[in-house]
Amino acid sequence: QVQLVESGGGLVQAGGSLRLSCAASGRTFRYYAMGWFRQAPGKEREFVAAISGSGGSTYYADSVKGRFTISRDNAKNTVYLQMNSLKLEDTAVYYCARGRGLGAGTGVHEYDYWGQGTQVTVSS
């Protein structure tokens, strides 16, 4: 039984920053890769970033590389997404997800548990 709860979303001006958090329940958090996805109205859910169970490896979508940073604190059962230089196209509901193993890729089906999502709106 796993529960993921995202927080930190809000309204930010273009060029600004925001830090999202995802708090996870469970005793085996450190054994699973974690990822961030986002979904805008009328669009499919898309991959944003992923991090391995230990935090030793990260991967980013080209659209956010250099601007976003994913990290995790296994002692706190929490994964973070630091978003800098935000653009209008970053506006979406952001979801935290647990991978199916120590490592996970960019596909939606590579993750088995999802949070409820947190809204991020970037204004001009």
Side-chain angles (χ1 to χ4, degrees):
Q1 187 176 351
V2 176
Q3 289 183 309
L4 304 174
V5 181
E6 303 95 334
S7 62
L11 176 64
V12 187
Q13 288 187 324
S17 298
L18 204 62
R19 189 195 194 199
L20 305 183
S21 296
C22 173
S25 65
R27 299 176 295 170
T28 58
F29 177 76
R30 66 187 183 279
Y31 296 122
Y32 296 91
M34 298 293 294
W36 286 97
F37 288 76
R38 65 188 183 187
Q39 187 166 23
K43 297 183 179 180
E44 293 185 349
R45 191 165 29 176
E46 66 174 346
F47 171 79
V48 175
I51 187 167
S52 61
S54 67
S57 298
T58 58
Y59 186 74
Y60 301 90
D62 288 342
S63 60
V64 306
K65 190 174 183 179
R67 299 188 298 120
F68 291 10
T69 301
I70 187 171
S71 62
R72 67 191 296 161
D73 186 338
N74 288 342
K76 296 181 178 179
N77 270 29
T78 303
V79 62
Y80 306 94
L81 184 68
Q82 178 66 48
M83 305 183 292
N84 298 325
S85 301
L86 284 163
K87 303 175 180 179
L88 265 59
E89 52 263 44
D90 293 320
T91 295
V93 175
Y94 283 70
Y95 296 92
C96 173
R98 190 190 80 170
R100 296 182 183 275
L102 286 170
T106 63
V108 169
H109 297 294
E110 296 180 64
Y111 298 80
D112 55 4
Y113 288 94
W114 299 80
Q116 82 288 350
T118 185
Q119 177 72 48
V120 172
T121 302
V122 183
S123 63
S124 61

Under the ring pair (Phe, Tyr, Trp, His ring centres under 6.0 Å) rule, collect the residues that match up with Y32, sequence neighbours excluded.
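Per chain and number, Y32 pairs via ring pair (Phe, Tyr, Trp, His ring centres under 6.0 Å) with no residue.
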From [atom1] ([X]) to [atom2] ([Y]), nearest 0.5 Å:
X	Y	atom1	atom2	answer
L20	F68	CG	CZ	8.0 Å
L4	Y111	CG	OH	12.0 Å
Y60	F47	OH	CZ	9.0 Å
T58	R72	OG1	CZ	12.0 Å
M83	T69	CE	OG1	11.0 Å
E6	W114	CD	CH2	10.0 Å

For a quick test of reading the model, state the closest non-hydrogen atom pair linking [X] to [Y] and the distance between them.
X	Y	result
G105	A50	O-CB, 4.4 Å
N74	S54	ND2-CA, 4.3 Å
T78	S21	CG2-CB, 4.4 Å

Which residues pass the salt bridge (charged side-chain N to carboxylate O under 4.0 Å, His left out) test with R98, not counting sequence neighbours?
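If we apply the salt bridge (charged side-chain N to carboxylate O under 4.0 Å, His left out) test to R98, skipping adjacent residues, the hits are D112.
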Just jot down the salt bridge (charged side-chain N to carboxylate O under 4.0 Å, His left out) partners of R19, sequence neighbours excluded, or say none.
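Listed in chain order: nothing, the list is empty.
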Show me the pairs that pass salt bridge (Lys or Arg N to Asp or Glu O under 4.0 Å) and involve residues 114-124, at least two apart or across chains.
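Passing the test, one end in residues 114-124: no pairs.
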Pairs flagged by salt bridge (Lys or Arg N to Asp or Glu O under 4.0 Å) wherever residues 27-50 is involved - sequence neighbours left out:
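Sorted pair list: R38-E46, R38-D90.
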Within the structure provided, determine whether V79 and I70 are in side-chain contact (heavy-atom separation under 4.5 Å).
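Answer yes - side chains close enough.
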Mind jotting down which residue pairs meet the disulfide bond (SG atoms under 2.5 Å apart) criterion with at least one end in residues 92-124? Sequence neighbours excluded, please.
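Only C22-C96 qualify under disulfide bond (SG atoms under 2.5 Å apart).
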What about Y94 and M34, same hydrophobic cluster or not, with Ile/Leu/Val/Met/Phe/Trp/Tyr joined at side-chain heavy-atom distances under 4.5 Å?
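Looking at the clustering, M34 is in the same group as Y94.
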